[in-house]
2 protein chains.
Amino acid sequence: MSNKKITLKDIATILNISTAAVSKAMHGDSRISDKTKQAVKKVAKELNYQPNHLASALRKGKSNLVGVIVPRTNSNFFSSVIQSIEEVLNANGYQIIITHSNESYKKECSNIDTLLFTQVDGIIASMANETTDLSHYEKIKSKGIPLILFDRGENDLNVDYIGINDYDSSHLIIEHLIAQGKKRIAHIGGYRRTRIFNNRIRGYIDAIKKNNLPTDDELLIESSLTIEDGRDKMQQLLNLSNRPDAVYVASDYAALGALQVLQENNIAIPSDIALVGFGNEPFTAMVTPTLSTINQHSAEIGKRAAETFLNLVDTPDLKQSLNKQILEAALIVRDSSNLVVQFDSAQCKC
Amino acid sequence: MSNKKITLKDIATILNISTAAVSKAMHGDSRISDKTKQAVKKVAKELNYQPNHLASALRKGKSNLVGVIVPRTNSNFFSSVIQSIEEVLNANGYQIIITHSNESYKKECSNIDTLLFTQVDGIIASMANETTDLSHYEKIKSKGIPLILFDRGENDLNVDYIGINDYDSSHLIIEHLIAQGKKRIAHIGGYRRTRIFNNRIRGYIDAIKKNNLPTDDELLIESSLTIEDGRDKMQQLLNLSNRPDAVYVASDYAALGALQVLQENNIAIPSDIALVGFGNEPFTAMVTPTLSTINQHSAEIGKRAAETFLNLVDTPDLKQSLNKQILEAALIVRDSSNLVVQFDSAQCKC
DNA sequence: TATATTTGCTTAATCGATTAAGCAAATATA
DNA sequence: TATATTTGCTTAATCGATTAAGCAAATATA
């Protein structure tokens, strides 16, 4: 009984008017009398009517759904971006569908198929680590559906992009470490094929050269940037005959693994080896010692991604093009790289 | 040109057959000749045809979408449950739509509206901290849409539920702490109105009584269980004239806050005060000292929730009823509560 | 008073895919 | 050879909501 779904037709039958009139009354059409509007709304409420989204979306050719693809949901950066996207889009009548690729190329392809299948009006995505082939993204473009990339993007796709200045961020870190008196700085970076990690590597190399420090091949290592791989790569650096005195890791997760290895080997941080991560994940402020890192402005990135989408759907004549929005990131100096203030202020008894 | 969406009709026109035949050919209907099937599939591929999900879902009265509501996405427990749900459902032809309530009652209501609006075939949810009124969940039930709750559930709703044995988990913790020689054990618990937290509190009280330890009102504190509130409540315990010698916190996040306060006050863990959390969030193994906690079997919970849904849709005559599936949780003893082995094995040089 | 405009609806088509019903040709069976 | 069955499609209706087109009554304007 209450199980049966209520349709516009049910309301129309009760009021003895056409479904067209009911539909218009629900949408406040000016050509429907106030009397009818009120009657319709009253009955709709009584029957607990909820419009069938599938039917209206099919007819209107617009689903008011936006797909979001992130590599992982358990990173604070991505969940913060999502929250911010959702805020902006909800306020504009859109709902979001979240999918995650789990850093897998195959999963990313199936995510895109799912989202296209669900007839989303747009897709906001950050690419998986594994992704190099871009044909699945081209598919989105070819369907004329707005596509916006953030953080993990790709120049070749020629779509809107929002991210931070990775190249400059590397300079911030290297210059900070040099100011701490460090002279042999290693970099555990991401895969070069991913643009952001490539930029961080280029920034690292250029900053090292600019400051006339040695650019040593054994100091630059590519990594998948998981905790485990961070451990492995740190161990690899410790095995060098000429160890680094500072390590810049391109992800907080890998930096955490590196931190564990340093502690297990009783290496003083930051005096023997200083450590800097990337991303400002909440745990960086929780571990001992607290970890210096880069703040990526996740909320701002999400906000801009959503606004870019809204801009694209509202002006369909606007051609999709590579409109890069690059935010300046900020270095957060904590205990793992701070030689100037050696004591933890919270523990200071003075 | 390539922008226009391809429909069954386009394929039908090219092959000079009816759309009905095309539709059947795509679905492998036995009454369509192999010749036609192959021709249809060939053209569909050439045109890059993708079925319009809105149209088929509308016609079939089934969207093959399942809504998931979680309080937060940045907790490892929830993202692990989601991953597990997704695995099982994808294998059975369903896609999931993830929404998060951000622990807000209002947001949870709007999540449900969104999901019903999207015509999901079922909803798998874990309730927000704030939620006490259940009418929005009743709305799901009244529409005859399968509803499954996990972790944060509610007896009154009389729907399927998957969770762990919170009551017994408290016993595990208290008995472990007593075995460590602790005699004055405090509990920073969640809100009693949330069933799981109420069960943990009941378990705590009963285990204390069973072991003839003092049940002191000042040792039992309700909390929102955030990091910040964990800090506040730990400080409150430290301010007592008669401090506890162990603290059981109903969430890893709040336990982390408590840990910070203990360290800032130079209190030896676990000898002065032992600490146990709840949830086995990854960071519990990363902090110093590592945090004892309860493993909630997130993957198993997700798997069972998904299977319960599949069971419910496949047998529509099956009445929704409170079929509780309670898993036994496991205590993970780490440095924060382990007095027997005082040294960190990784640092041991013997 | 005669015409023009506005108001408040209805009718019918539509968005794409699916499916019950049915028909003609091909094949099988008696 | 006559009838029954199977094969391979087509026709037409349907899922609900929306919207262009249009019509009659009410109201405004000349």
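Keep in mind that the numbers below use all heavy atoms, side chains included, and drop hydrogens, waters and symmetry copies. What you are looking at is a predicted structure, and each value in this text was computed from that prediction instead of being measured. Order of the sequence lines fixes the chain letters, A, B, ..., with proteins taken first and strands second; residue numbering starts at 1 for each chain.
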For D/dA12, the nucleotide meeting Watson-Crick or G-U wobble distances (both under 3.5 Å) is C/dT19
Polar side chain donor-acceptor pair, A/S104 to A/N102, under 3.5 angstrom:
no
How about B/L89 and B/L310: do any of their side-chain heavy atoms sit closer than 4.5 Å?
yes
Under 4.0 Å between any heavy atoms, over every strand shown, what does B/T7 touch: base, sugar-phosphate, or nothing? Just pick one.
sugar-phosphate
First-last contacting nucleotides on DNA chain D - partner chain B, under 4.0 angstrom, heavy atom
D/dT7 to D/dG16
Mutual orientation of the aromatic rings belonging to B/F117 and A/H53 [parallel < 30°, tilted 30-60°, perpendicular > 60°]
tilted
A/Q50 meets the side chain to side chain donor-acceptor pair (under 3.5 Å) criterion, sequence neighbours left out, with none
Which class fits the ring pair B/F150 and B/F77: parallel under 30°, tilted 30 to 60°, perpendicular over 60°?
tilted
Looking at every strand, decide which applies to B/S18 at a 4.0 Å heavy-atom threshold: base, sugar-phosphate, or nothing.
base
Which of parallel (below 30°), tilted (30 to 60°) and perpendicular (above 60°) describes A/F309 and A/Y94?
perpendicular
Would you mind pulling out the nucleotide paired to D/dT6, Watson-Crick or G-U wobble, both distances under 3.5 Å?
C/dA25
Please find the pair of heavy atoms, one from A/D151 and one from A/I196, that lie closest to each other, and give the distance.
O-CG2, 2.8 Å
For D/dA30, the Watson-Crick or wobble counterpart (both distances under 3.5 Å):
C/dT1
DNA chain C contacts among residues 50-60 of chain A, heavy-atom distance under 4.0 Å:
A/L58, A/R59
Which residue is it: A/H297, A/R304, A/Q296? I am looking for the one with a side chain to side chain donor-acceptor pair (under 3.5 Å) to A/E300.
A/R304
Nearest-nucleotide wise, let me know which of A/Y49 and B/T36 is further upstream toward the 5' end of DNA chain D.
B/T36
